[in-house]
Amino acid sequence: MHFTSTRSLRDVTSAQAITRGLAEDGGLFIPKEFPKISGELVNRMINMDYKARAREVLALYLTDFSADEIARSVETAYTGTFDQENPAPLVELRPGLNILELWHGPTCAFKDMALQLLPQLLTISAGKTVPGRTIVILTATSGDTGKAALDGFADVPGTKIIVFYPQNGVSAMQKLQMVTQKGDNVAVCAIEGNFDDAQNGVKQIFADSEMKQYLDSRNMEFSSANSINFGRLAPQIVYYVSAYCDLLRQGKLRRGERFNVTVPTGNFGNILAAVYAREMGIPIGRLICASNRNNILTDFIRTGIYDRNRPFYTTTSPSMDILISSNLERMLALLYGNDTAAVSNLMSQLAKTGRYAVSAEVLTRLQSEFFGGFCDDAGTAETIRQTFRNYHYLCDPHTAVALNVYEQYLRETGDDTPCVLASTASPFKFAAAVLSAVRPGILPADEFEMVTALAETTGLLVPKPLAELKNLPILHNGCVTKENMKNFIRSVLS
């Protein structure tokens with residue numbers, strides 16, 4: 001298995017792709033071809049646990065890893081870190097609609113599914129490709145990636161991790177998770193601006209020759225924990241494969257029968273993982289892409305025009321407050337048949353003008369595979385309220401956006417194909433939005449009073465990782481402009 005960039009055809013191994021994170025030409029690493037999951041392998045995986053399924057799927061991509069390296073990585077990532085040793089349970093909300101709960105890990109968000117595993121994959125990859133060098137993880141976050149990456153990489157030998165987040169663009173609980181993070185190798189800093197400012201700043205630093213020389217002089221190497229790193233994407237493919245196996249095991253699907261997938265997405269990585277699972281042979285039908293008021297992906301799917309020249313909104317689903325969806329570049333590569341010149345041209349247009357338009361042929365294929373919809377904050381709150389009232393199921397705002405858009409899809413298409421809907425975070429991470437939805441009125445002033453009130457109102461237990469935050473000291477309180485991100489990095493590394 002070899003990988004190439006979305007913008008050029010130079011081959012690299014999986015270890016090289018994971019270590020580098022981003023290709024030298026600014027593109028994203030993609031597999032040259034997709035490995036196939038045979039019917040015989042599906043038959044074996046049906047009765048496997050999650051860890052065994054992960055070993056099977058990852059081995060198809062990480063062919064320069066030994067079986068023992070993959071097994072040790074998976075065992076470390078998924079043992080003793082997730083509730084009841086089941087990282088991705090499938091819960092039936094109603095007949096035909098199953099919720100894939102991806103938030104039972106140490107930071108209560110779906111990013112744990114990949115970021116508990118990535119540190120193992122990255123340290124093994126670095127040992128193969130840049131032995132002896134310290135890997136510096138540079139990450140921008142809209143909320144959940146930051147804490148999950150910090151938790152995964154904290155005190156991992158041979159690594160340092162630096163996380164930037166938008167000062168006013170994450171929930172209070174997300175911020176508290178990050179600024180209380182322990183670890184001798186971790187640094188956290190807010191930036192004045194939104195997530196796109198943080199993400200663009202990180203990308204520019206990756207491409208900065210002066211910073212590369214600075215790291216090289218210290219025997220260091222940049223890498224990424226964002227979903228631009230294929231080491232983040234591969235573990236996400238696993239949970240869609242696992243969901244299919246669970247549907248078969250539970251008798252909710254017959255072999256080869258299709259199911260749809262609904263995903264709340266801003267950076268496009270979570271839904272792209274479902275696309276890759278389909279390319280491997282998993283019978284996924286329509287992909288329902290759910291956005292909040294920052295509905296750039298909805299407009300793209302409906303018109304073929306990607307235009308980030310629009311207002312940016314801060315919403316109750318902050319992890320989707322994004323106008324530059326990095327992983328969409330990988331989807332464009334797939335839609336254009338790995339035509340690197342076409343993808344490069346589109347990315348150049350985006351950099352210069354903030355917009356691009358795909359061809360009519362590509363738009364037709366895009367619309368045949370995807371449905372795009374969006375939901376504002378009022379609709380999000382109403383969905384949280386109705387879902388709890390009707391099913392006694394409490395969901396966070398991002399999952400509520402997905403549920404709302406899925407209902408839009410049903411009304412517009414009448415397609416009652418069984419559906420798996422990705423639930424991306426614990427509702428207690430967004431206590432203010434969820435509590436105001438299920439118990440309208442004046443909110444408590446303190447974040448932890450909100451969490452307690454939400455538990456009392458719903459009869460649900462507060463996840464232990466969130467409950468323990470209350471008494472932790474603040475360890476990181478820096479804030480810089482986008483222009484000063486480089487100086488912050490230098491101060492940390494020196």
Side-chain angles (χ1 to χ4, degrees), residues 97 100 110 142 195-196 227 236 240 258-279 284-313 315-336 346 350 354-380 383 397-417 419-424:
L97 178 57
L100 182 61
F110 82 102
S142 56
F195 169 73
D196 290 330
S227 55
Q236 292 180 275
Y240 292 111
R258 286 190 169 193
F259 65 102
N260 293 336
V261 170
T262 301
V263 185
T265 190
N267 220 0
F268 209 78
N270 201 3
I271 199 166
L272 181 75
V275 174
Y276 278 22
R278 184 177 63 186
E279 292 295 317
I284 293 172
R286 203 76 182 273
L287 293 146
I288 300 156
C289 181
S291 300
N292 62 19
R293 195 179 176 192
N294 295 294
N295 60 339
I296 189 168
L297 289 171
T298 305
D299 288 348
F300 174 64
I301 291 168
R302 294 180 178 180
T303 68
I305 299 171
Y306 191 93
D307 189 349
R308 62 177 173 82
N309 302 306
R310 60 178 67 208
F312 177 91
Y313 299 105
T315 74
T316 57
S317 47
S319 294
M320 294 192 291
D321 291 347
I322 295 171
L323 294 181
I324 303 175
S325 303
S326 292
N327 270 285
L328 189 57
E329 183 171 343
R330 285 187 167 113
M331 189 67 217
L332 291 172
L334 195 58
L335 291 168
Y336 277 91
L346 293 175
L350 182 64
R355 72 190 302 275
Y356 61 79
V358 298
S359 67
E361 180 184 356
V362 165
L363 177 59
T364 298
R365 181 180 170 187
L366 178 71
Q367 293 177 337
S368 71
E369 298 182 11
F370 289 87
F371 173 90
F374 73 97
C375 173
D376 62 15
D377 282 356
T380 300
T383 301
H398 306 79
T399 305
V401 168
L403 285 165
N404 187 290
V405 172
Y406 176 65
E407 295 298 335
Q408 295 176 34
Y409 174 76
L410 290 181
R411 289 193 299 270
E412 290 189 29
T413 67
D415 178 11
D416 61 356
T417 299
C419 183
V420 168
L421 186 146
S423 177
T424 54

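M320 and N294 make their closest contact through O-CB, 4.2 Å (heavy atoms, listed as atom of the first residue, atom of the second, distance). Across all their heavy atoms, T380 and V401 have their closest contact at OG1-CG2, 3.5 Å. Across L346 and A357, no two heavy atoms sit closer than the pair CD2-O, 3.7 Å. Looking at every heavy atom in both residues, F312 comes nearest to D321 through CE1-O, 3.1 Å. Heavy atoms only, all atoms of each residue included: F268 and M331 are closest at CE2-CB, 3.6 Å. Closest heavy-atom contact between I271 and I288: CD1-O, 3.9 Å.
Here R310 pairs with D299 in a salt bridge; the nearest charged N to carboxylate O distance falls below 4.0 Å.
S325 has its side chain within reach of L297: a pair of non-hydrogen atoms, C-beta onward, lies under 4.5 Å apart. Contact annotation: the side chain of I322 approaches that of D196 to within less than 4.5 Å [non-hydrogen atoms, C-beta and beyond]. You'll find the side chain of R278 stays beyond 4.5 Å of the side chain of V261, heavy atoms only. The closest side-chain heavy-atom distance from F110 to H398 is not below 4.5 Å. Between R365 and V358 the shortest side-chain heavy-atom distance does not fall below 4.5 Å. Put simply, the side chain of P318 does not reach to within 4.5 Å of the side chain of F195, judged on heavy atoms.
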Mind running side-chain hydrogen bond (donor to acceptor under 3.5 Å, both in side chains) on Y313 and N295 for me, showing each step along the way? CA-CA 10 Å; Y313 299 105; N295 60 339; over 6 Å; no

Test F300 against Y356 for side-chain contact (heavy atoms from CB on, under 4.5 Å), laying out the working first. CA-CA 10 Å; F300 174 64; Y356 61 79; 4.0 Å; yes

Test side-chain contact (heavy atoms from CB on, under 4.5 Å) applied to Y409 and T262, step by step: CA-CA 10 Å; Y409 174 76; T262 301; over 6 Å; no

After noting the C-alpha distance and the side-chain angles of N404 and E407, does the key distance pass the side-chain contact (heavy atoms from CB on, under 4.5 Å) rule? CA-CA 5 Å; N404 187 290; E407 295 298 335; 6.0 Å; no

For side-chain contact (heavy atoms from CB on, under 4.5 Å), just list the numbers for Y240 and V263, CA-CA rounded to whole Å, side-chain angles, deciding distance to a tenth of an Å, and then say yes or no. CA-CA 11 Å; Y240 292 111; V263 185; 3.4 Å; yes

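A search for side chain to side chain contact (heavy atoms under 4.5 Å, CB included) contacts involving T364 returns nothing, not counting sequence neighbours.
Side-chain polar atoms of N267 and N327 form no donor-acceptor pair below 3.5 angstrom. For the residue pair T316 / D377, a side-chain donor-acceptor distance below 3.5 Å is found, with atom types taken as modelled.
Note that CZ of R302 and CG of L366 are 12.0 Å apart. Values are rounded to the nearest 0.5 Å.
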